[in-house]
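Let me begin by presenting the structure, written as C-alpha cells, before commenting on it.
Everything numeric in this text was worked out from a predicted model, so none of it was measured. Read the numbers this way: they start at 1 and go in the same order the structure lists the ligands and their atoms. Heads up: numbering here begins at 1 and tracks the sequence.
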Amino acid sequence: MTETQSHFIVRSGQPLRGITAVPGDKSISHRAVLFGMLAQGQTRVRNWLAAGDTEASLRAAQTLGIQIERHDRHTLTIHGGELHAPRQALDLVNAGTGIRLLAGIMAGQPFASVLDGSEQLRRRPMKRIIEPLSLMGARIESADGRAPLRVTPAPLNGIRYEMPVASAQVKSALLLAGLFAEGETTVVQPGPARDHTERMLGSMGVDLTLTENYVTVMPGETLHSLDLNVPGDFSSAAFLLVAGTIVPDSDITLTGVNLNLTRTGLLDALLMMGADLQVTETGVEGGEPVGEVRVRHAGLKGVEIGGDLVVRMIDEFPVLMVAALCAEGETIVRDAQELRVKETDRIAVMAGELRKFGAQITETSDGFRISGPQRLKGAVVDGHDDHRVAMSMAIAGLIAEGETIVQDSKCSGDSFPGFAQILAHLSADLVEAV
Ligand code: S3P
C-alpha cells in the first residue's frame with residue numbers, strides 16, 4: 001500500500017459513451033527527459049506525462065544538474081548539456097524504464113553514481129542490463145543483480161549483443177551506453193520490442209542502422225535538441241478499449257493515441273476476439289503515428305496468443321485477462337513469462353485478485369488459460385502497488401455484479417493520472433476516494 005490510502009469504488013451497469021484523449025505516452029516521456037538532458041540546447045516537450053514514474057526520471061535529470069523549466073505540468077523546456085556528479089543516489093521510485101535507461105547513460109559518464117528505487121523496484125531483475133553493460137566495460141556493483149546499482153567510471157567499448165529476451169529497456173540501455181563507447185554497438189533483438197529509443201535518437205541526429213532484427217549505434221554524435229509533442233499512451237488507452245468492448249451499449253472514441261505498431265498488439269488481439277474497433281490514423285507526433293480509435297461493445301470469443309504478438313502487447317495482459325473472462329470459449333496465452341518480472345508477477349497477482357471476483361483462471365509458467373464467459377461478483381481487491389493491476393481491477397468492476405472496491409488505487413498515477421476522472425467523464429460509475 002502507498003501512504004495515502006485511496007481506493008476506487010466501481011459499480012457496473014452504466015454504458016461508456018463519449019470522446020476523450022488519454023495522457024501522454026510514458027515510454028516517450030521518460031525518453032524525452034533522459035535524451036533531452038544529453039542534447040545540446042533546449043528541448044521543448046508538450047503533452048509530457050506528469051506521472052509517478054516519469055516524475056522520477058525528471059528528478060533524476062535535475063539531480064544530475066540539468067535545469068528543467070516547467071511551463072505547466074505537461075510542458076517542459078530541458079536545458080541539455082554536461083551532466084554533473086550527483087550528490088545523492090538517483091531515486092527512480094517504481095520506474096523500471098527510468099533505472100534501466102539511466103544505467104546505460106551513467107555507465108558512460110566520468111563520475112560515479114548510485115541508482116536506486118522503491119522496495120518494488122529493488123525486487124526487479126537488473127542482471128539483464130548489468131551483464132551486457134559489463135561486457136562493454138562498464139563497472140556496476142549491485143545487490144546480487146538488483147538495485148541499488150553503483151556505477152563507477154570506466155571506458156566503454158562497443159559490442160554486438162544478442163538479447164535473450166525482447167526488451168526495449170535492455171536495448172535502450174545498451175544503445176545509450178553505445179553513445180559513449182569506442183566503436184559501434186549492435187543490439188540483436190529476438191522480437192519487436194518497442195522502438196521509441198531508435199525513433200527519438202534518430203530524430204536527434206544520432207547515426208543508427210535499423211533492420212528488423214538489429215540496431216546499430218555509432219558513438220560520438222552530438223545529440224540535437226528536440227521540439228516534441230508526446231502522443232497519447234496506447235497502454236493507457238488499452239483500459240478504455242477493453243472497457244468499451246465489454247460494457248454493454250458502450251461507444252467511445254479515443255483521440256491522439258500513439259499507434260506505433262510495436263505497441264498496438266492489443267488491437268490485433270481484440271480484433272481476433274471479435275471486437276468492434278475502428279482505427280483512423282490522423283498524423284504523426286514526435287516521430288510516431290497517431291490516430292483515433294472508436295470502440296463499441298461487442299461479444300468476444302477466446303483466442304490463442306503467443307510469439308511476437310506478446311511482445312507488442314506486453315503491458316496489456318492484465319486488462320486482456322478481464323476481456324478473456326467475457327469471451328466465449330478458451331483464451332490461451334503463451335510465451336509471456338516476462339509478465340512475472342514486471343512491477344509485480346502479473347500472472348500470479350492478476351489471477352489471485354480476479355479469483356476474488358469468483359473468476360477461474362489457470363496459471364501456467366509462461367501465461368494463463370481462461371474459459372469464458374464467466375460471471376463476476378463485485379469484490380474488495382488490491383492493486384499491489386502495480387498501476388496496471390489496479391486499473392485492470394477497476395475495469396473488471398465495471399462488469400461485476402454489485403460494488404467493487406480496489407484498494408491501493410493511488411499507484412494508477414504511476415502511468416495514468418486522471419484514470420478515474422476520464423472514466424467518470426465517459427459515464428462509468430467509478431470514483432476514486434481517499
Ligand atoms: C518499456 C519497455 C517494456 C515495458 C515497460 C516500458 C520502455 O519493458 O513493459 O512498461 O519504455 O522501454 P521491457 O523492456 O522490460 O519489456
_Side-chain donor/acceptor of Asp366 to backbone N/O of Gln337, under 3.5 Å_ = no
Identify all side-chain donor-acceptor contacts of residues 148-166 below 3.5 Å with residues at least two apart in sequence or on another chain.
none

_Pocket residues of ligand 1, ordered first by chain and then by residue number (heavy-atom cut-off under 4.0 Å)_ = Ser27, Arg31, Thr97, Ser167, Ala168, Gln169, Arg194, Ile314, Asp315, Lys342
N/O donor to acceptor pairs below 3.5 angstrom from side-chain atoms of residues 317-325, sequence neighbours left out:
none

_When you measure from the side chain of His74 to the backbone of Trp48, do you find a donor-acceptor pair of N or O atoms at a distance under 3.5 Å?_
yes
_Listed once per pair and sorted, the side chain to side chain donor-acceptor pair (under 3.5 Å) pairs that draw on residues 164-179, sequence neighbours left out_ = Arg31-Ser172, Thr97-Gln169, Arg100-Gln169, Lys171-Gln189, Lys171-Glu198, Ser172-Thr197
*If you take all heavy atoms of Asp25 and Asn258, which pair is closest and at what distance?*
OD2-ND2, 3.7 Å
